[in-house]
Amino acid sequence: MKKINQLFAFVLITSTLLSFIVPNNFTQTVNHTISAENESTVLSAGTMLAGDTLSFVALNRMLTKELLKPLRDCFEKSNPDMFMTKCFTRIEFRLSPDFMDRVLYKGEIIEGSVILNDCSTPIRIADLVVDFKRKTIDVKESYRTPFMSHKTFLKDFCVFLQAK
């Protein structure tokens with residue numbers, strides 16, 4: 001019994017010492033939060049940065065300029081008090097769960113959603129397919145509508161909000 005206790009203590013001490021010396025999965029960080037404030041590239045564990053990677057911030061800047069800002073302007077025209085209330089209201093882009101823990105590349109198709117966060121109640125407005133290299137954004141409002149250009153979507157959506 002004494003030999004078993006000594007063997008167990010030896011294994012415990014060596015594994016503890018090796019955990020500090022040898023790199024392991026606990027020392028690698030994974031970026032789980034995706035937001036506009038996060039300036040780092042979305043990384044999965046153990047990946048190395050290549051020259052053709054895309055940061056979420058660059059993707060979010062393009063989407064804000066091309067889609068989110070004009071969409072916000074349409075909401076403000078139809079309901080000027082919407083973004084002036086005490087509760088927090090904003091329009092944001094969220095990556096789809098398939099892209100959350102992956103490295104984003106400029107040449108690949110990136111999927112996500114436009115979310116209207118109205119007083120902490122998230123409402124999905126549309127799904128997006130973004131090709132950053134070609135600077136194209138295709139929008140699908142519902143499962144019954146086909147993908148369309150973001151400019152067509154903005155025009156139709158603004159007309160819909162004004163008629164409401």
Side-chain angles (χ1 to χ4, degrees), residues 25-164:
N25 290 339
F26 299 115
T27 59
Q28 298 174 351
T29 60
V30 178
N31 183 5
H32 288 290
T33 59
I34 306 296
S35 65
E37 293 83 24
N38 188 359
E39 292 288 334
S40 64
T41 302
V42 181
L43 295 176
S44 59
T47 57
M48 300 299 289
L49 289 176
D52 210 19
T53 58
L54 173 66
S55 69
F56 180 77
V57 173
L59 176 66
N60 201 28
R61 279 188 194 131
M62 182 189 92
L63 288 172
T64 301
K65 179 183 171 192
E66 298 290 326
L67 181 68
L68 301 180
K69 174 95 171 76
L71 193 60
R72 181 184 169 108
D73 293 342
C74 289
F75 273 110
E76 285 179 344
K77 280 183 184 176
S78 69
N79 185 2
D81 299 329
M82 182 176 208
F83 294 97
M84 296 169 50
T85 59
K86 287 185 178 180
C87 65
F88 188 67
T89 302
R90 70 175 182 211
I91 298 174
E92 63 186 11
F93 168 70
R94 288 190 191 159
L95 284 171
S96 69
D98 296 338
F99 289 88
M100 288 295 276
D101 291 333
R102 290 179 35 191
V103 176
L104 300 176
Y105 292 99
K106 292 180 182 175
E108 76 177 341
I109 302 296
I110 300 168
E111 297 175 3
S113 298
V114 175
I115 306 293
L116 172 67
N117 196 343
D118 188 16
C119 296
S120 300
T121 305
I123 302 166
R124 186 192 66 78
I125 295 175
D127 291 328
L128 300 179
V129 175
V130 181
D131 189 352
F132 189 81
K133 193 173 258 187
R134 294 183 187 161
K135 304 289 186 200
T136 60
I137 304 168
D138 292 328
V139 181
K140 185 173 185 175
E141 187 176 3
S142 71
Y143 69 94
R144 294 187 299 169
T145 60
F147 278 100
M148 63 183 89
S149 168
H150 72 284
K151 293 177 183 176
T152 307
F153 169 75
L154 281 172
K155 185 175 65 176
D156 293 346
F157 198 77
C158 288
V159 168
F160 171 74
L161 285 177
Q162 294 300 323
K164 206 171 172 184

| query | Which distance, rounded to the nearest 0.5 Å, do you find between the CG of Leu104 and the CG of Leu59? | reply | 6.5 Å
| Is the NZ or CZ atom of Lys155 both under 6.0 Å from the centre of the six-membered ring of Phe157 and within 45° of that ring's axis? | no
| field | Sub-4.5 Å side-chain heavy-atom contact between Val103 and Leu54 | value | no
| request: Mind checking the CZ-OG spacing from Phe160 to Ser78? Nearest 0.5 Å is all I need. | output: 9.5 Å
| note | All heavy atoms of Ser149 vs all of Asp138, minimum pair found to be CA-OD1, 4.1 Å
| message | Any non-hydrogen side-chain atom of Leu68 less than 4.5 Å from a side-chain atom of Asn60? | response | yes
| message | Using side-chain heavy atoms (C-beta onward) and a distance below 4.5 Å, is Glu92 in contact with Pro122? | response | no
| query | How many angstroms lie between atom CG of Leu161 and atom CG of Asp73, to the nearest 0.5 angstrom? | reply | 12.0 Å
| Closest heavy-atom pair and its distance - Leu128, Leu63 | CD1-CD2, 4.1 Å
| said: How long is the straight-line distance from NE2 of His150 back to CG of Leu67, given to the nearest 0.5 Å? | reply: 6.5 Å
| Are the side chains of Ile115 and Ile125 in touch, meaning some heavy atoms are under 4.5 Å apart? | no
| message | Do Thr136 and Val130 make a side-chain contact, defined as non-hydrogen atoms from C-beta onward lying under 4.5 Å apart? | response | no
| request: Please report the closest heavy-atom contact between Glu111 and Phe93, naming both atoms and the distance. | output: O-CZ, 4.5 Å
| message | Measuring only between side-chain heavy atoms, which start at C-beta, is Ile110 closer than 4.5 Å to Tyr105? | response | no
| field | Any Asp131 side-chain heavy atom under 4.5 Å of Val129 side chain | value | no
| request: Any chance you could measure Arg72, atom CZ, to Leu116, atom CG, to the nearest 0.5 Å? | output: 10.5 Å
| Are there more than 12 heavy atoms of other residues, nucleotides or ligands under 6.0 Å from atom NZ of Lys65? | no
| query | How about Lys140 and Phe153: do any of their side-chain heavy atoms sit closer than 4.5 Å? | reply | no
| Rounded distance [0.5 Å steps], CD1 in Ile137 versus CE in Met148 | 14.0 Å
| request: Starting from the C-alpha separation in whole Å, work towards a yes-or-no answer on side chain to side chain contact (heavy atoms under 4.5 Å, CB included) for Asn117 and Ile123. | output: CA-CA 6 Å; Asn117 196 343; Ile123 302 166; over 6 Å; no
